[in-house]
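Remarks on the structure that follows.
Throughout, a chain's letter reflects where its sequence line sits, starting with A, and its residues are numbered from 1.
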Amino acid sequence: MKIATWNVNSLRVRLPHVLAWLERHQPDALALQETKVTDPEFPVAAFDDIGYRAVFSGQRTYNGVAVLSRSPALDCVTDPPQLAEDPQRRVLAVTVDGVRIVNLYVPNGSEVGSEKYAYKLDWLMKMRSFLEHELSRCPSLAVVGDFNIAPEDSDVYDPEAWRERILCSTPEREALRRLSALPLSDAFRLFEQPEASYSWWDYRTGAFRRNQGLRIDLILLSDALKERIQSCAIDTEPRRLERPSDHAPVWAAFAAAP
DNA sequence: ATGGTCGTCTAACGA
């Protein structure tokens, strides 16, 4: 089984890239973030044509999450009670082939100390509670998405320049560590990886060309799934295309369930 | 360089 996650920064613009990536990599499930399309506008037919079903929770202009899958996505949750009537479309939990996939677009937080930063930390605290509940129901759990947090200095091209800045601040990293303590393991770090592996590069300043990136797109695994994982990688190829997303897809492959 | 580039509700705003 192969599961992937990709912040596409507008599905309308990136649809050709997503279709090409699905055809090439044939994942069983692909979680998307920042689709920026409302549910009636979601391009269901384009995915159906290549054998993928879609479930989605969208809004206009901002946010929006979706899961594309070969098998049906069951038990969809878009509004965890722990996030109490938050209108922002950032969560989509589904079950595909017996694996619970929680697709997250974690708030960016703007700047340390801002109102949006406080919202991010509060959101992460509430998300911990939701994930604790999901884990108790679903032992095979993968939490995937754009976490907007670089877990460690090794996930940042210039840790000193980013010290205590947004995406890297200690309170954000501690909130992520509290998720890891559930326990959930960072799939990427279960394997030897190339130095300077990142999943996001700012559009400005030619950051990708110089590999000035951060690893903020993550796949977190419950112990039951950790036992089945075979590989995990970031695919930087789509970042080289014309009109790319600022994020690269991340994927993980698993052995069949015992 | 308090800059730069994208995407969206083509005008700011969010990332």
Taking atom P in both B/dA15 and B/dC9, compute the distance separating them and give it to the nearest angstrom.
-> 15 Å
Whole-Å P distance, B/dG3 and B/dC13 = 14 Å
Polar atom pairs (N or O), protein with nucleotides 4-7 of chain B, under 3.5 Å:
from, atom 1, to, atom 2, distance (Å)
B/dG4, O6, A/Arg204, NH1, 3.2
B/dG7, OP1, A/Arg14, NH1, 2.9
B/dG7, OP1, A/Arg14, NH2, 3.3
B/dG7, OP2, A/Arg243, NH2, 2.9
B/dG7, O3', A/Ser10, OG, 3.3

Polar contact flag, side-chain donor to acceptor under 3.5 angstrom, A/Asp235-A/Trp21 | yes
Provide, to the nearest angstrom, the distance between the CD atom belonging to A/Gln33 and the C1' atom belonging to B/dA15.
-> 14 Å
Length of the CD-C1' vector between A/Gln88 and B/dG14, whole Å = 11 Å
Tell me, with the steps shown, if A/Arg165 and A/Asp158 meet salt bridge (charged side-chain N to carboxylate O under 4.0 Å, His left out).
-> CA-CA 12 Å; A/Arg165 282 178 56 193; A/Asp158 185 347; over 6 Å; no
Sugar-phosphate, base or nothing in reach of A/Phe208, heavy atoms under 4.0 Å | nothing
Over how many whole Å does the gap from A/Leu11 atom CG to B/dT8 atom P extend?
-> 10 Å
Starting from the C-alpha separation in whole Å, work towards a yes-or-no answer on salt bridge (charged side-chain N to carboxylate O under 4.0 Å, His left out) for A/Arg60 and A/Glu41.
-> CA-CA 10 Å; A/Arg60 204 176 60 166; A/Glu41 296 171 312; over 6 Å; no
Is the CD atom of A/Glu115 crowded by more than 12 outside heavy atoms at less than 6.0 Å?
-> no
Is the CD atom of A/Gln230 crowded by more than 12 outside heavy atoms at less than 6.0 Å?
-> yes
Should A/Asp186 and A/Ser180 count as side-chain neighbours, where that means a heavy-atom distance under 4.5 Å?
-> no
Position toward the 5' end of DNA chain B (nearest nucleotide), A/Asp246 or A/Arg12 | A/Arg12
Between P of B/dC13 and CG of A/Asn63, the distance in whole Å = 17 Å
Donor on one side chain, acceptor on other, A/Asp217 and A/Thr5, under 3.5 Å = no
When the C1' atoms of B/dA11 and B/dC6 are considered, how many whole Å apart are they?
-> 15 Å
Rounded to the nearest Å, what distance is computed from the CD atom of residue A/Glu115 to the P atom of nucleotide B/dC13?
-> 15 Å
Atom CG of A/Asn148 and atom P of B/dG14 are separated, to the nearest Å, by 15 Å
Please state how far atom CH2 in A/Trp200 lies from atom C1' in B/dG14, giving the value in whole angstrom units.
-> 12 Å
Round to a whole Å and report the spacing from NE2 of A/His247 to C1' of B/dG14.
-> 12 Å
